[in-house]
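Predicted model, so just to flag it, every value in this text is computed and none were measured.
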Amino acid sequence: DNNDATLLLDGLPCERVDLLLANPSSPPEIRSALGDYLRQVAILQWATSLLSVSIKAVCQRSQESGSAWSRQEKEWKKELSSTTFEEFMSRLCKLHQTSIYEVCRVRTSDGFQEREKERQKPSARRGLRYRLRIVCPEGAVVRDGIEIDSCASLGNMEMGEIAVAFDRCVNSSGVMRYRTTRGWVSEQTRGHGREPIAEVLGVWEMDEASVEPTHENDPSKKR
């Protein structure tokens, strides 16, 4: 069943993905399969986020306009009420539910806590840098650690502000966090909405001793 994620993670090695993909001695078939898997996950996440934003916009528009629906909105309503869309949402919900179960299964398996502590350690190697832009209208809260509830606030970043991150990690809430020179910021909000807070404009490789990019090594600056 392509919509069932049960036991899916058993096929992935219990090591950091970036190290596995960067290791030339790792089996090519594993790197290729893992790369395809991550690409599909990213595409699915993008598509569901776009679908969520579109549905929210249509519902908000319909509430503001009352009972008067335009021709385009009627087409939307017809599509959302169709059997095809219902089947699609059923498959998507099954994938989401089984994925949550699978993550819970792995997080309660033997040795997970030890691997998690090792994964959360800052990288001391030549690594990636991320150029971020804050897109949330309320800005982004900067904290002194990867966790949100237990880490102190160091200030805020305003919407439209650009920052360079030299490390990133998924915290216990499943939120991707980026480490900048000012502290840690979230890529998305917590909860079911997962509203975007920061977007990645560019990724490049740089020495650990350097944080700020130059035009030569920052792909987002090249024309």
Has Y101 got more than 12 heavy atoms of other residues, nucleotides or ligands less than 6.0 Å from its OH?
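Check fails, neighbour count at 12 or below.
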Does CD in E86 sit with more than 12 non-hydrogen atoms of other residues, nucleotides or ligands closer than 6.0 Å?
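Counting neighbours around CD of E86, 12 or fewer heavy atoms of other residues, nucleotides or ligands fall under 6.0 Å, so no.
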Under a 3.5 Å cutoff, is there a donor and acceptor pairing between the side chains of R143 and S153?
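No, because no side-chain N or O of R143 sits under 3.5 Å from a partner of the opposite role on S153.
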Let me check something: do [X] and [Y] share a hydrophobic cluster, defined by ILVMFWY side-chain heavy atoms less than 4.5 Å apart, either directly or through other members?
| X | Y | value |
| --- | --- | --- |
| L38 | I30 | yes |
| I162 | V135 | no |
| V103 | V41 | no |

Between [X] (side chain) and [Y] (backbone), is there a donor-acceptor pair under 3.5 Å?
| X | Y | value |
| --- | --- | --- |
| S109 | V106 | yes |
| R182 | N156 | yes |
| D144 | A152 | yes |
| S32 | P28 | no |
| S81 | K78 | no |
| S82 | F85 | yes |

Using a 4.5 Å cut-off on heavy atoms from C-beta on, say whether the side chain of [Y] contacts that of [X].
| X | Y | value |
| --- | --- | --- |
| I100 | H96 | yes |
| N171 | I148 | yes |
| F112 | T108 | no |

Looking at every heavy atom in both [X] and [Y], which two are closest together, and how far apart are they?
| X | Y | result |
| --- | --- | --- |
| I134 | A198 | CD1-CB, 4.0 Å |
| C169 | I146 | SG-CD1, 4.1 Å |
| C136 | P196 | CB-O, 3.8 Å |
| R168 | Y178 | NH1-OH, 3.2 Å |
| T189 | V175 | O-CG2, 4.5 Å |
| A165 | L132 | CB-CD1, 4.0 Å |

I need the [X] [atom1] to [Y] [atom2] distance, nearest 0.5 Å.
| X | Y | atom1 | atom2 | value |
| --- | --- | --- | --- | --- |
| M176 | Y130 | CE | OH | 7.5 Å |
| R105 | T98 | CZ | OG1 | 11.5 Å |
| E195 | Q188 | CD | CD | 9.0 Å |
| T48 | I43 | OG1 | CD1 | 11.5 Å |
| T84 | E79 | OG1 | CD | 7.0 Å |
| R39 | L34 | CZ | CG | 10.0 Å |

Out of V142, L154, D167, which one pairs with W184 under the side chain to side chain contact (heavy atoms under 4.5 Å, CB included) rule?
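Checked V142, L154, D167 against W184; only one passes side chain to side chain contact (heavy atoms under 4.5 Å, CB included): D167.
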Could you give me the CA-CA distance, side-chain angles and deciding distance for M157 and I197, then say whether side-chain contact (heavy atoms from CB on, under 4.5 Å) is met?
CA-CA 10 Å; M157 289 186 181; I197 295 177; over 6 Å; no
